[in-house]
Amino acid sequence: MQFLKFVCAVVTRVLFLLLSLTAVWRVISVKNDWWFWLLTILYVPLLLETIVTLKRRRGHEYKWFSPVILFFLISIIPSIWILELHHQENKSSNPQCKKLDSWKNVQSMMESFNITMGPDTNTLKAIERRLSSICPNDWILALHQALLILLIVGKWLLPLGGGVTRDELSQLLLIFVGTAADILEFTSETLSDVKDSSPQLVYIILAVWTWSMLQFPLHLAVVTSKPDESREEQVEEQQGCCRNILLERHSTDIWNIVESLFIQDGPFLVVRLTVIIYFEVFHQMLVFFAIKNFLVVILNFYRLVVICLDVRPKSQSPTS
């Protein structure tokens, strides 16, 4: 069992490195500049973390924080930034690219791979040419999707940290799935609304996207310390201890609210309102998702008020 956990830890990190290398290769292919191989310097923290974790912790994660996921994000996010910015600057430069928007197009792409992999051809060069012929937008979307899926699957494969139960892990993975869907929708839909005359909006969207990705290395939304009953009784007996009781009993709920307000739905709402009001972009889906973010923000404030009201009477009740 210990060997299986070790293998899972190694396989997960190898998958992280492979996806990061794929993103760097795509940057070099698009920019046609070998200097972008310097992006692999960002792999150093991930490699060091791998050595330390496998040697000292036998592949086991930490309880509240995942360094490997953070370093994986550091290694791949700059490449996606470069691809997104390049695509926004050169949207109409490659009209003959191959789209992957239908099953028929995907089948033709796979058949072209089989044709080019003949005995008299350079297989690697042929594969590179075929991959380079795919439309930039499809390439970027595929990297976004692969990144989010690999974060979820990777967290599932990584050995549990000390004190983390399987129930907590399952809850965390379900939260990751919902978060990933919201983030992918935000980047794909909002970036498609960017006009050629507003490149600064691309930087805003990518900055908010980068900020929202910081949810994945943190596990505070589910994994929290559980105070024992004697500790709760001591806290309740103290005068003016509403804040202590709030943190003791509802730390998970409070962190969920903080994540939503300041890392995900709050920033998403601000960006969408900016797109609608300042950049004058308007369509049904944009308005719908802006309303959805607004409702989530309001409901989180309502949830915070309910938690405070639930704690306050008990902390202010007279002691006999």
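Contacts classified as ring-ring contact (aromatic ring centres under 6.0 Å, His included) and involving residues 163-184 (residues at least two apart or in different chains) are given here: Phe176-Phe216.
In this structure, Cys8 and Leu157 approach most closely via the heavy-atom pair CB-O, 3.3 Å. Heavy-atom minimum distance, Leu286 versus Val281: CD2-O, 3.5 Å. When all heavy atoms of Pro267 and Leu261 are compared, the pair lying nearest together is CD-O, 3.6 Å. Ile263 and Trp211 get closest at one heavy-atom pair: CA-NE1, 3.4 Å.
Although no hydrogens or angles enter the test, the distance criterion places a donor-acceptor pair under 3.5 Å between the side chain of Thr179 and the main chain of Ile175. One N or O on the side chain of Thr187 and one on the backbone of Leu184 form a donor-acceptor pair closer than 3.5 Å. With hydrogens and angles disregarded, a donor-acceptor distance shorter than 3.5 Å links the side chain of Asn300 to the backbone of Val296. Using a distance-only test at 3.5 Å, with no hydrogens or angles considered, a donor-acceptor pair links the side chain of Gln215 to the main chain of Ser212. For the pair Glu168 (side chain) and Thr165 (backbone), a donor-acceptor distance under 3.5 Å is present.
The hydrophobic cluster containing Val306, built from Ile/Leu/Val/Met/Phe/Trp/Tyr side-chain heavy atoms closer than 4.5 Å, also comprises Tyr302.
Checking Val30, Val27, Ile77 one by one against Ile82, the side chain to side chain contact (heavy atoms under 4.5 Å, CB included) holds for a single residue, Val27.
The pair Lys292-Asp182 meets the salt-bridge criterion, with a side-chain N (NZ, NE, NH1 or NH2) lying under 4.0 Å from an Asp/Glu carboxylate O.
Here Val287 pairs with Ile276, Phe282, Ile291 under the side chain to side chain contact (heavy atoms under 4.5 Å, CB included) rule; sequence neighbours left out.
For Trp25 and Trp139, the ring centers sit closer than 6.0 Å to each other. Taking the six-membered ring wherever Trp is involved, the centroid distance between the rings of His144 and Trp209 falls below 6.0 Å.
Taking the six-membered ring where tryptophan is involved, the planes of Phe186 and Phe268 are essentially parallel, since the angle between them stays under 30° and well short of 60°.
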